[in-house]
2 protein chains.
Amino acid sequence: MKILEQTSEEIKSQILDAAFERFGRYGFGKTTMAEIAKDCDMSAGNLYRYYTNKKEIAADCAGRCMKNAEQLWREILKQPDLSPQNRLTAIVLEKLNYLHQQFSDHPPLFELVMYISGERQDLVADHLGTLQSLVAEILAEGNRTGDFNVPDVLGTAKAFLAATTKFNTPHFMGTFELKELENEAREVVQLLIQGLARR
Amino acid sequence: MKILEQTSEEIKSQILDAAFERFGRYGFGKTTMAEIAKDCDMSAGNLYRYYTNKKEIAADCAGRCMKNAEQLWREILKQPDLSPQNRLTAIVLEKLNYLHQQFSDHPPLFELVMYISGERQDLVADHLGTLQSLVAEILAEGNRTGDFNVPDVLGTAKAFLAATTKFNTPHFMGTFELKELENEAREVVQLLIQGLARR
DNA sequence: ATAATAAATATTTTATATTATATTTATTAT
DNA sequence: ATAATAAATATAATATAAAATATTTATTAT
């Protein structure tokens, strides 16, 4: 039995940690496989036993980011004593803050995101699908509590996401100030929530 | 008196026509000042009597596009017998169709837009300001007719624009199908309109 | 057999020279 | 004087060679 040895998954995770650190500090293009390998005390060639290529490492990094963002939303969904309205506001502001923070702390990540957005649209689509189902949960909750009256929960969740694109998409983080985006986000969600209100 | 001569403005307009045609067909980068000049039967150097440089020509092209889009909205504002709700829907769909058409007919224009978005953010900001005031007019009309109850017309107009960013921004035209965007746009505006309804 | 490395090869990036183009200036025509 | 051009120059794009890096393969160790 291997006790002190690392499992394959643990090694992959170690590689991802090292890669993410470098991608965030120096960018995807300026990070070499040799450097990632060195950080893990292995040879460059050995990386290929765990990842088929550099793009897959990048994809996994992006995937981790997206999973993080999804987890933040799940935490908000788990919070008790939060109205559906406040949950919707919270998830939008949370994601906006997460994104803006990420890119102001680690500007080179923008390159990674642009790259993966182009190369792996499937990952982005999956992520949006997950977000949609999380929004749908909040809408369904709102229907139960009587706060909302949403016949098509999934369709409306999709529309909600579309309407909050500006606060949910890396593209705009570089162009606008966080404070301005936060204010706009609050007003947009306010409008949408009024639209959801039972009358 | 000059009767058969062109005025300076007419010449600028001729230059813009030629440039726009080439930018749309071959892209900003692949279009040379010499080519634009030849289309106008003049020397390359002479272009500089009318535009300080190539960037200014591009900026004027982008400006013309934005003015076109604004004009489309004004036509919709002028239409009689259209509810404020339908006006809002119409402007969003009109802009979306205009953008998508533009870029599917002339893909190289995307390069121009990216260039100007980066180099002349002031132009984009002005355009958005104009759009905001046009939306505000519709909201104010809605207040008058009793269809809406919007205390802060300008602020809400801004929020409306933010919420329809996905259908108003060149960036997304390449990523999504027109039909899908149209459906999403309709649903988003529907949500927003319900939010605006008097209750 | 599994895991890793080091060496070999294929790709990509970078640096550099060359060319093309943007812009300015000098010159000519009206 | 104004308008235009052609020639001159500055800048940017392109092609090419060199170097660096990604990926594969052969080899070694466990």
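In what follows, chains carry the letters A, B, and so on, assigned in the order in which the sequence lines appear, proteins first and then strands, with residues in each chain numbered from 1.
- Looking at residues 17-31 of chain B, you'll see B:Lys30 sit with a heavy atom under 4.0 Å from some atom of DNA chain D.
- Comparing B:Ile11 and A:Lys54 by the nucleotide of DNA chain D that holds the closest heavy atom to each, the one mapping nearer the 5' end is B:Ile11.
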Identify every side-chain donor-acceptor pair in residues 71-78 of chain B under 3.5 Å, counting partners at least two apart or on other chains, and give the distances.
{"unit_1": "B:Gln71", "atom_1": "NE2", "unit_2": "B:Glu75", "atom_2": "OE2", "d": "3.0"}
{"unit_1": "B:Trp73", "atom_1": "NE1", "unit_2": "B:Ile91", "atom_2": "O", "d": "3.1"}

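- The stretch residues 42-52 of chain B touches DNA chain D through B:Met42, B:Ser43, B:Gly45, B:Asn46, B:Arg49, B:Tyr50, each having a heavy atom within less than 4.0 Å of the strand.
- Here D:dT11 presents its P atom at 14 Å from NZ of B:Lys55, a figure rounded to the nearest Å.
- Distance alone, capped at 3.5 Å, is enough to place a donor-acceptor pair between the B:Arg87 side chain and the B:Leu82 backbone.
- Pairs passing the ring pair (Phe, Tyr, Trp, His ring centres under 6.0 Å) check and including a residue from residues 9-36 of chain B, sequence neighbours excluded, read B:Phe23-B:Phe28, B:Phe28-B:Tyr115.
- Near DNA chain C, meaning a heavy atom under 4.0 Å away, there are no residues from residues 109-123 of chain A.
- A donor-acceptor pair is defined here as one N or O able to donate and one able to accept, closer than 3.5 Å; no such pair exists between the side chain of A:Glu70 and the backbone of A:Leu131.
- Exactly one of A:Arg49, A:Lys55, A:Glu56, A:Lys54 qualifies for a side chain to side chain contact (heavy atoms under 4.5 Å, CB included) with A:Thr52. That residue is A:Glu56.
- Counting to the nearest Å, the C1' atom of D:dA22 and the CD atom of A:Glu56 are 14 Å from each other.
- Annotation for A:Glu180: atom CD counts as buried by contact number, over 12 foreign heavy atoms lying within 6.0 Å.
- We find that B:Glu187 and A:Lys158 are not joined by a salt bridge, their nearest charged nitrogen and carboxylate oxygen being 4.0 Å or further apart.
- The distance between atom NZ of B:Lys12 and atom P of D:dA3, rounded to the nearest whole Å, is 14 Å.
- If you measure from atom CG of A:Asn53 to atom P of C:dT11, you get 13 Å, rounded to the nearest angstrom.
- Although no hydrogens or angles enter the test, the distance criterion places no donor-acceptor pair under 3.5 Å between the side chain of A:His127 and the main chain of A:Ala69.
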**Item:** Dot-bracket encoding per residue of DNA chain D, Watson-Crick/G-U cut-off under 3.5 Å, | denoting interstrand
**Value:** ||||||||||||||||||||||||||||||

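- In summary, A:Arg64 and A:Asp17 engage in a salt bridge, as defined by a charged side-chain N under 4.0 Å from a carboxylate O.
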**Asked** For A:Asn97 and A:Glu182, what are the C-alpha separation, side-chain angles and deciding distance, and is it a side-chain hydrogen bond (donor to acceptor under 3.5 Å, both in side chains)?
**Response** CA-CA 8 Å; A:Asn97 270 285; A:Glu182 278 181 339; 3.0 Å; yes

